[in-house]
Protein chains: 2
Amino acid sequence: MLERIHLEILSAIKEHGTLTKAADSLHLSQSALSHSIKKLESQVATQIWKKEGRNLRLTAAGERIQTLASRVLPQFSHTELLLSQIAKGEAGALRIGMECHPCYQWLLRVIHPYLQRWPNIDMDVKQEFQFGALGALLSYEIDVLITPDPLFKPQINYIPVFGYEHRLVVCAEHKLADQEFVLPEQLAQEVLFSYPVEPLRLDIFSQFLNPAKCSVKKHKNIETTEIMLQMVAANRGVCALPGWLVDEHAKSMPIKSLRFGEKGINKQIYVGIRNKEQQIEYLMDFISQAKKTK
Amino acid sequence: MLERIHLEILSAIKEHGTLTKAADSLHLSQSALSHSIKKLESQVATQIWKKEGRNLRLTAAGERIQTLASRVLPQFSHTELLLSQIAKGEAGALRIGMECHPCYQWLLRVIHPYLQRWPNIDMDVKQEFQFGALGALLSYEIDVLITPDPLFKPQINYIPVFGYEHRLVVCAEHKLADQEFVLPEQLAQEVLFSYPVEPLRLDIFSQFLNPAKCSVKKHKNIETTEIMLQMVAANRGVCALPGWLVDEHAKSMPIKSLRFGEKGINKQIYVGIRNKEQQIEYLMDFISQAKKTK
DNA sequence: TTGAATAATGGATGTTTTTCATCATCAAAA
DNA sequence: TTTTGATGATGAAAAACATCCATTATTCAA
């Protein structure tokens with residue numbers, strides 16, 4: 001079988017010209033290389049080089065191997081470099097799972113400085129989970145989970161990174177726009193926009209409407225925050241979003257936000273990681289970056 | 001050092017799920033794989049997988065290696081396939097050197113069916129040689145040499161592939177156009193176009209003008225056959241080309257050709273190969289294809 | 001002709017890989 | 001809860017392999 005050492009030999013010959021010098025550069029004897037290639041030759045039933053005068057001349061087969069070497073050897077050493085960085089805790093992959101649609105903008109602000117600091121960390125963000133985001137975390141599909149609704153488990157550690165108030169968003173022209181807070185029954189004739197998730201997982205139902213046995217006139221799904229806000233700004237309905245997110249857009253759009261009930265719905269974003277991995281430096285640094293970012 | 005076997009192991013685990021099945025698929029014992037990876041782990045000072053319940057779970061390091069494996073292993077097996085084809089004489093590289101400018105069109109007709117029959121043969125055509133085309137053949141820069149002027153050497157074998165007559169090309173309106181042959185002194189007032197090579201290597205000089213101690217009014221270099229013929233067709237001068245090539249273009253251009261002297265200049269195209277390589281099948285097939293092509 | 005430089009070869013040695021047998025752990029079945 | 005079968009890890013012995021050393025063979029240049 002064609003082995004890495006064969007590639008190293010052919011590559012060293014290309015660089016140094018003679019077998020003896022190639023052997024030196026690999027810290028092996030000339031004999032070792034000769035034997036090694038001889039064996040390969042008998043396996044593949046082809047000559048790899050032939051002696052011509054004092055020097056070697058590669059055959060077509062030898063040149064093929066040399067081509068493979070030049071393509072493949074750098075990849076080996078790159079992976080070895082990465083492994084040594086992983087050994088020192090400097091590299092790895094951070095696969096982020098998100099269960100919080102509106103947090104995407106915030107996540108981008110976390111990621112940006114993080115990627116600068118960890119140039120060797122690969123990053124990936126997933127938002128769809130066949131067996132739930134928690135399942136994905138437990139089955140190593142993702143490494144961190146960003147969620148406002150932590151499901152506590154012994155193997156998972158959740159760290160709160162920031163609190164915010166969940167608020168109702170209405171058009172500035174809306175009849176509720178001047179109230180400080182809204183009551184469940186006041187939404188009975190409203191159209192509600194939400195991200196396409198089960199109503200049970202929407203706080204506006206679980207923490208506000210359902211307890212008061214109220215509902216809305218109509219519930220429509222919209223995928224993206226921007227479109228949702230455009231619809232609200234056009235007074236086509238209302239939606240529920242984090243206060244800080246509304247504040248950002250309120251500067252440029254005719255929208256207002258009000259508290260849910262007298263007390264409001266106060267939420268907390270958590271970052272969940274597997275317990276065993278609390279000592280991984282680049283992972284903990286992601287969390288501390290998340291805590292810093294508002 | 002990261003070896004091919006490690007990649008094979010990680011790749012087999014990805015495919016088969018368990019270490020035991022991976023071992024079977026590699027025709028090795030489960031123990032062998034376990035030991036092998038254990039050793040690698042101690043070398044790179046990182047875990048590659050960990051046992052989780054009954055199964056294995058790759059660490060970040062393990063996944064890196066798996067990624068490398070999926071990139072690199074197919075390249076190994078592809079090269080091995082090529083080596084086995086080379087062993088059977090089914091593959092290789094054919095680097096063709098050409099010392100015959102107008103033969104390029106002919107060469108294309110040879111190459112076309114050849115490439116169909118030898119899908120694994122790489123092909124390259126070179127026309128510039130620092131130390132002469134023969135030197136290139138002797139120093140393995142090229143594998144075959146196509147030339148009308150063979151320089152015989154013991155290490156080189158020349159095979160004639162086709163004969164043709166070298167003819168003078170003139171515009172149909174030219175005053176010589178109706179003659180059957182031309183005499184050296186009749187060219188004294190003509191402009192001659194030729195490819196940019198030393199005059200010594202042009203047959204019109206070495207075999208026609210020089211022996212008669214004649215010359216032309218002006219000698220101009222042109223790189224390509226097409227432009228050269230356009231110039232001749234415009235009656236701006238004359239040139240010397242193989243008869244068959246002129247015949248091809250005479251259908252669509254106002255040009256005629258005539259013999260050099262009463263006897264004409266008769267040429268032969270040879271294909272030269274290194275003596276030692278006469279048993280290489282794909283090489284000999286190139287030559288037989290060349291003989292067939294007119 | 002000689003001497004230096006080169007690659008190939010044979011045999012001895014030491015290392016590495018592989019296997020075999022066994023242990024430890026886990027999950028599912030009884 | 002206990003048992004069973006499947007899994008991976010481990011240690012020791014055996015087999016295979018790689019490497020080195022010493023030597024030979026060849027080539028090229030002095």
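Letters go in sequence order (proteins before strands), and every chain restarts at 1. Note: hydrogens, waters and symmetry copies are ignored here, and every other heavy atom, side chains too, is used. Note that the coordinates shown come from a computational prediction; the quantities given were computed from them, not determined experimentally.
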Q: Report the distance from atom CD of Gln47(B) to atom P of dG8(D), rounded to the nearest whole Å.
A: 15 Å

Q: Scan Ile5(A) against the nucleic acid and name what it touches under 4.0 Å (heavy atoms): base, sugar-phosphate only, or nothing.
A: nothing

Q. OP1 or OP2 of dT6(C) less than 4.0 angstrom from a side-chain nitrogen or oxygen of Trp49(A), does that happen here?
A. no

**Q.** Among dC20(D), dA8(C), dT7(D), the nucleotide that comes nearest once only the side chain of Lys21(B) is considered
**A.** dT7(D)

Q.
Students often get this wrong, so: under 4.0 angstrom with heavy atoms, is Ser31(A) touching a base, only sugar-phosphate, or nothing?
A. base

Q: Can you label the angle between the Phe162(A) ring and the Trp106(A) ring as parallel, tilted or perpendicular, going by 30° and 60°?
A: tilted

Q) Which comes earlier along DNA chain C counting from the 5' end, the contact point of Ser36(B) or that of Gln30(B), where each point is its nearest nucleotide? A) Ser36(B)

Q) Are the side chains of Asp149(B) and Arg201(B) in touch, meaning some heavy atoms are under 4.5 Å apart? A) no

Q.
Counting the atoms with a prime plus P, OP1 and OP2 as sugar-phosphate, which does Ser34(A) contact under 4.0 Å by heavy atoms, base, sugar-phosphate, or nothing?
A. base

(Q) Suppose we call a contact any N or O donor and acceptor under 3.5 Å apart; does that hold for the side chain of Ser29(A) and the base of dC21(D)? (A) no

Q) Roughly how many Å is it from CZ in Arg4(A) to C1' in dT16(C), rounded to a whole number? A) 18 Å

Q) dG8(D), dT18(C), dA7(C): which one has an atom nearest the side-chain heavy atoms of Lys51(A)? A) dA7(C)

Q | Rounded interatomic separation in angstrom, taking CD1 from Ile48(B) and P from dG8(D) | A | 15 Å

**Q.** CD1 on Ile287(A) to CD1 on Ile273(A), rounded to 0.5 Å
**A.** 4.0 Å

Q. What is the nucleic acid contact for Leu28(A), judged by heavy atoms within less than 4.0 Å: base, sugar-phosphate only, or nothing?
A. sugar-phosphate

**Q.** Nucleotide dT18(C), atom P - distance to CG of Asp24(B) in whole Å
**A.** 15 Å

Q | side-chain N/O Lys39(B) vs dT17(C) OP1/OP2, d < 4.0 Å | A | yes

Q. Around Gln268(A), counting heavy atoms of other residues, nucleotides and ligands shown, do more than 12 lie under 6.0 Å from its CD?
A. yes

Q. Atom NE2 of His35(B) to atom C1' of dA13(D): distance rounded to whole Å?
A. 11 Å

Q: Would you classify Thr20(A) as touching base, sugar-phosphate or nothing, given that sugar-phosphate means primed atoms plus P, OP1 and OP2, and contacts are heavy atoms under 4.0 Å?
A: sugar-phosphate

Q.
Just to verify, which of Ile142(B), Val271(B), Ile146(B) counts as forming a side chain to side chain contact (heavy atoms under 4.5 Å, CB included) with Ile96(B)?
A. Ile146(B)

Q.
Can you measure Arg57(B) atom CZ to dG8(D) atom C1' for me and round it to whole angstrom units?
A. 15 Å

Q | Length of the line joining Lys38(B):NZ and dT16(C):P, which is rounded to integer Å | A | 18 Å

Q) Please give, in whole Å, the distance from dT7(D) P to Ile13(B) CD1? A) 13 Å

